[in-house]
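Below is one structure; the comments refer to it alone.
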Amino acid sequence: MQSKLSDIELIEASLSGNQSAYADLVRRHQRFVFTLALRFAKNREDAEEIAQDCFIKAHRSLASFQKQSKFSTWLYSIVYTTSMTFLRKKKLPTDYIDDENTYIQLQNYAGSSGNLAENRSRSYYLNEAIGELLPDDASIITLFYMGEQSLDEIGKVLGIESNTVKVKLFRARQRLKEKLEKNLKSEVRELI
Amino acid sequence: MKTIEEQLWSYIDGTCTTDESKAIAELIAADETWGSKYADLLSFDQQLESIELDEPSMGFTFKVMEGIRGEYAQQPLKSKINQNIISVIAAFFIISITALLLFLWVSVPLGHANMSNGLPQQLKHAETFFQNPETKFLHGTTLLNIFLMVDIVLALFLTDAYLRRKKASKQALRP
């Protein structure tokens with residue numbers, strides 16, 4: 001069961017030594033942190049490792065959280081930097097992901113999670129197309145639509161100006177639309 | 001110059017000014033191209049809004065909390081100790097040792113000629129040492145007290161450092 005306390009109240013309780021308060025914070029944000037990590041890592045095991053690492057890092061520097069921005073914004077900036085470090089360590093390009101390779105990984109992921117037919121919903125195709133985007137594009141879309149972050153907050157997370165975020169978001173949506181249309185067309189062709 | 005799509009996205013996101021918003025709303029209502037493009041983008045936006053978040057494994061929170069507990073366990077003892085308490089204990093010992101030394105210095109009549117016959121051999125040597133014209137200046141001066149104090153503190157510090165190093169090397173050797 002999730003706590004009804006605000007993030008700030010949970011942080012204060014956690015700083016005064018209440019471990020279960022931090023566990024509540026983790027439960028509250030774990031889905032988004034994991035999803036954002038998955039945009040970079042492209043497989044569940046690595047994404048979970050990144051997400052765990054982020055929560056441990058956040059706990060370590062919880063006292064330095066200034067409370068001037070939302071806790072989620074601060075946490076997502078940790079996720080972004082940790083994910084970028086992960087990509088660099090794995091020597092994966094941070095600005096370009098091999099589409100073919102990504103597609104194979106996505107297929108594996110879909111296959112392992114059970115019924116493929118069930119997964120092939122509109123949401124599945126969208127997630128698949130997001131997975132094919134560059135990590136930066138995918139993270140901007142994820143932060144804007146799923147993380148409920150404003151353009152300013154996304155700018156803080158990614159360390160860029162909000163105007164740049166606006167332009168990047170526009171381009172990311174364009175690319176996503178193109179990928180989605182391409183994937184759906186090939187799917188229709190397969191069915192015919 | 002902004003494209004139709006750019007303007008429509010600004011309108012959907014609510015990032016354009018009131019005047020721009022009014023103008024775009026009029027164009028959507030009047031122009032068919034704008035209208036159909038708007039409907040298309042709005043539908044895409046709603047699809048994006050409806051994407052569900054991925055779920056990590058069941059034991060995710062537990063693993064995170066275990067990681068945090070593990071990190072606490074790995075922390076050196078030094079970081080857990082309140083430095084103020086250590087300072088108070090150190091001050092207590094330094095004052096006690098200093099007081100003891102001063103007390104001994106005052107109590108033992110090294111410079112008293114009549115008492116020298118009753119003193120142990122070592123103290124007799126010490127008396128001779130202090131009676132020597134070259135070293136006489138040391139006797140009863142604050143310089144010697146300071147010298148002894150520094151020596152004691154230095155000895156305690158070095159012993160502490162040595163014991164810490166020994167403990168650390170023992171811990172490092174453990175599997």
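A, B, ... follow the sequence lines: proteins, then strands. Residue 1 opens every chain. These numbers come from a predicted model, not from an experiment.
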Would [X] and [Y] show up in the same hydrophobic cluster when neighbours are defined by side-chain heavy atoms closer than 4.5 Å?
| X | Y | result |
| --- | --- | --- |
| B/Met149 | B/Leu154 | no |
| A/Ile8 | A/Leu10 | yes |
| B/Ile94 | B/Ile86 | no |
| B/Phe62 | A/Val33 | no |
| B/Ile152 | B/Leu102 | no |

To the nearest 0.5 Å, what is the distance between [atom1] on [X] and [atom2] on [Y]?
| X | Y | atom1 | atom2 | value |
| --- | --- | --- | --- | --- |
| B/Glu6 | A/Gln174 | CD | CD | 7.5 Å |
| B/Met65 | A/Arg27 | CE | CZ | 8.5 Å |
| A/Met146 | B/Leu53 | CE | CG | 6.5 Å |
| B/Ser10 | A/Lys166 | OG | NZ | 3.5 Å |
| A/Leu126 | B/Glu52 | CG | CD | 12.0 Å |

Self-check item: Contact check, side chains of B/Phe60 and A/Val26, non-hydrogen atoms, under 4.5 Å
Solution: yes

Quiz item: Less than 4.5 Å apart, any side-chain heavy atom of A/Phe34 and any of B/Glu55?
Solution: no

Practice problem: May I ask you to check whether over 12 heavy atoms, not counting those of A/Arg31, lie within 6.0 Å of atom CZ? | Solution: yes

Quiz item: Around B/Glu5, counting heavy atoms of other residues, nucleotides and ligands shown, do more than 12 lie under 6.0 Å from its CD?
Solution: yes

By a 4.5 Å heavy-atom criterion (distance strictly below it), what part of [X] contacts chain B: side chain, backbone, both, or neither?
| X | result |
| --- | --- |
| A/Leu36 | neither |
| A/Ala37 | neither |
| A/Phe170 | side chain |

Exercise. Name all residues meeting the side-chain contact (heavy atoms from CB on, under 4.5 Å) criterion together with A/Ser77; count only those two or more places apart in sequence or in a different chain, and write none if there are none.
Key: A/Val157

Quiz item: Counting a contact as any heavy-atom pair under 4.5 Å apart, which residues of residues 25-51 of chain B contact chain A?
Solution: B/Asp40, B/Leu41, B/Phe44, B/Asp45, B/Gln47, B/Leu48, B/Glu49, B/Ile51

Quiz item: Between the side chain of A/Thr35 and the main-chain N/O of B/Asp54, is any donor-acceptor distance below 3.5 Å?
Solution: yes

Quiz prompt | Side chain A/Gln52, main chain B/Lys63, donor-acceptor under 3.5 Å | solution = no

Practice problem: Applying side chain to side chain contact (heavy atoms under 4.5 Å, CB included), run through A/Phe144 and B/Asp13 and close with a yes or a no. | Solution: CA-CA 10 Å; A/Phe144 189 73; B/Asp13 294 339; 3.8 Å; yes

